[in-house]
2 protein chains.
Amino acid sequence: MTIAADRDARRESLLVAADLVVQRDGASASMAAIAAEAGITKPILYRHFGDKSGLYAALAERHTDRLLDALVDALTAGGTSRERVHRTIDTYLSVIEAEPQVYRFLVESEEAAPAKGPVRGFLRRLQELLAAGISHELRLEPEDERAGIWAAAILGMVQAAGERWLEVRDCSRDTLGSQLTDLLWGAYGLASAAAHE
Amino acid sequence: MTIAADRDARRESLLVAADLVVQRDGASASMAAIAAEAGITKPILYRHFGDKSGLYAALAERHTDRLLDALVDALTAGGTSRERVHRTIDTYLSVIEAEPQVYRFLVESEEAAPAKGPVRGFLRRLQELLAAGISHELRLEPEDERAGIWAAAILGMVQAAGERWLEVRDCSRDTLGSQLTDLLWGAYGLASAAAHE
DNA sequence: ACGCGACTGTTACCGGCGGTAACAGAGGAG
DNA sequence: CTCCTCTGTTACCGCCGGTAACAGTCGCGT
């Protein structure tokens, strides 16, 4: 029964084509353009993915799985707590540096998405994963609210700083990672205390 | 010459109507719907604002100016550095709590925007303002890269944590503000050190 | 061998969007 | 009275996401 395998292979090739178009045209790639790139027509896309958000969701999974794996590896490898955090941040930065278009597609698509953003699930997963990591790292009680809050906060912090860095590139990747780690370890409070005597 | 005043008054009424529709239909409000709400037709909107991003930019300014003023006030009022930061974060949170639709429109519109996001300027301004504040607060040299990095990072941190809070509402506004301030003052590093002995 | 159903692919269309051209009335200046 | 500008309209364009309806093709049971 190669029929299912054929379907999967076809689906794969469609996703590869969609990837090409998204990286070329940005997040506003049209379904017709993707179909043309794949050498087929629109209804085939719709038969495979339902609608545009379905395609985007499938496209997102291709990348998020890799990214999540890489982050988990960085977070669970050895070293002090601070080293692990720094390494994880650097992993994230290296990914968005290597594939900025993919990153932009993942975090800032939404655009014409219907109702619930499909890609949003990625940030959710990442956030929950990070919350679990923090909870374990800090040996927090499961009901401690700080894990969730800090997971969202740290995620937003790294993401915003990474986005700005992609645009202005005013320091090396390693410097940025160090500054962010410092910030988490209270550098702002320290600098503030030092400035006021 | 009341002609200019008339134009401005008209423009104001159009913006009020646009505000209504945006808060009702979300960020995907159509130009036709806004025109209908204002009791006129599309070309008038286009004569006043050029295109959709122009309208959105004008609409954004109405709110960002208020928000920026409030944040500046909170940041420059008295108290210790920590108190000022906490108060500024709380100001931000209280604004997004009071007008979540407006907030969503400001930070996550983009959607069908052409080329450069018009609303993006708001985050830019906020970021620069915060960078200047940090630079002053910490008495940093003007060329110190940390001001820009940390401004973006802190902004993203508060924004992401605020967005999550709007959805799950798992703690009081004051608690959230305190947790975020703690985080900036090194609570994560401290908790990590405590957990590992 | 034949027909028949399932599947893949196509063309051609729909409604709605952002955006614009072209026309219709209203009021002041000569 | 005429012309000219300024405001408002209708009616249209091109593009998008999404779909209905039709055409070819392959494997299957009889």
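Small disclaimer: the values here were computed from a predicted structure and weren't measured. Order of the sequence lines fixes the chain letters, A, B, ..., with proteins taken first and strands second; residue numbering starts at 1 for each chain.
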Quickly work out the [X] [atom1] to [N] [atom2] distance and round it to whole Å.
X	N	atom1	atom2	result
Arg11(B)	dT7(D)	CZ	C1'	17 Å
Phe49(B)	dG18(C)	CZ	C1'	16 Å
Ile34(B)	dG18(C)	CD1	C1'	12 Å
Asp51(A)	dG17(D)	CG	P	11 Å
Tyr46(A)	dC7(C)	OH	P	22 Å

Next on the checklist: When you compare the side chains of Tyr92(A) and Gln159(A), does any donor N or O come within less than 3.5 Å of an acceptor on the partner?
Outcome noted: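 No - no donor-acceptor pair under 3.5 Å links their side chains.
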
Item to check | Flag side-chain contact, heavy atom, 4.5 Å: Leu15(A) against Glu12(A) | outcome: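 Yes, close enough: below the 4.5 Å cut-off.
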
Show me the protein contacts with nucleotides 9-14 of chain C, counting only N or O atoms at under 3.5 Å.
from	atom 1	to	atom 2	distance (Å)
dG9(C)	OP1	Arg10(A)	NH2	2.1
dG9(C)	OP2	Arg10(A)	NH2	3.0
dG9(C)	N7	Arg47(A)	NH2	2.2
dG9(C)	O6	Arg47(A)	NH2	3.2
dT10(C)	OP2	Thr41(A)	N	3.2
dT10(C)	OP2	Thr41(A)	OG1	2.4

Checklist entry - Could you give the distance from OH (Tyr56(B)) to CE (Met31(B)), rounded to the nearest 0.5 Å? => result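 Tyr56(B) atom OH to Met31(B) atom CE measures 8.0 Å (nearest 0.5 Å).
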
Identify each donor-acceptor pair in which a side-chain atom of residues 178-187 of chain B lies under 3.5 Å from a protein atom, sequence neighbours left out, and give them as a table.
from	atom 1	to	atom 2	distance (Å)
Ser178(B)	OG	Asp174(B)	O	3.0
Thr181(B)	OG1	Gly177(B)	O	2.7
Asp182(B)	OD1	Arg82(B)	NH2	2.5

Next on the checklist: Less than 4.0 angstrom from a charged side-chain N to a carboxylate O is my criterion; do Asp144(A) and Arg139(A) meet it?
Outcome noted: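 Not counted as a salt bridge, because no side-chain N and carboxylate O are separated by less than 4.0 Å.
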
Item to check | Sequence neighbours excluded - salt bridge (Lys or Arg N to Asp or Glu O under 4.0 Å) pairs with any residue from residues 85-97 of chain B | outcome: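 The answer is Asp90(B)-Arg173(B), Glu97(B)-Arg169(B), Glu97(B)-Arg173(B).
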
Next on the checklist: Does anything in residues 27-49 of chain A form a salt bridge (Lys or Arg N to Asp or Glu O under 4.0 Å)? List the pairs, not counting sequence neighbours.
Outcome noted: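 Counting only pairs at least two positions apart or across chains, the salt bridge (Lys or Arg N to Asp or Glu O under 4.0 Å) contacts touching residues 27-49 of chain A are Arg24(A)-Glu37(A).
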
Checklist entry - Which pairs count as ring-ring contact (aromatic ring centres under 6.0 Å, His included) when at least one residue sits in residues 125-168 of chain A, sequence neighbours excluded? => result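 For residues 125-168 of chain A, and leaving out neighbouring residues, there are no ring-ring contact (aromatic ring centres under 6.0 Å, His included) pairs at all.
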
Checklist entry - Quantified as the angle between the terminal helix axes (five pairs each), what is the overall bend of the helix from dA1(C)-dT30(D) to dG30(C)-dC1(D) to 10 degrees? => result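 Axis angle across the helix from dA1(C)-dT30(D) to dG30(C)-dC1(D), nearest 10°: 30°.
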
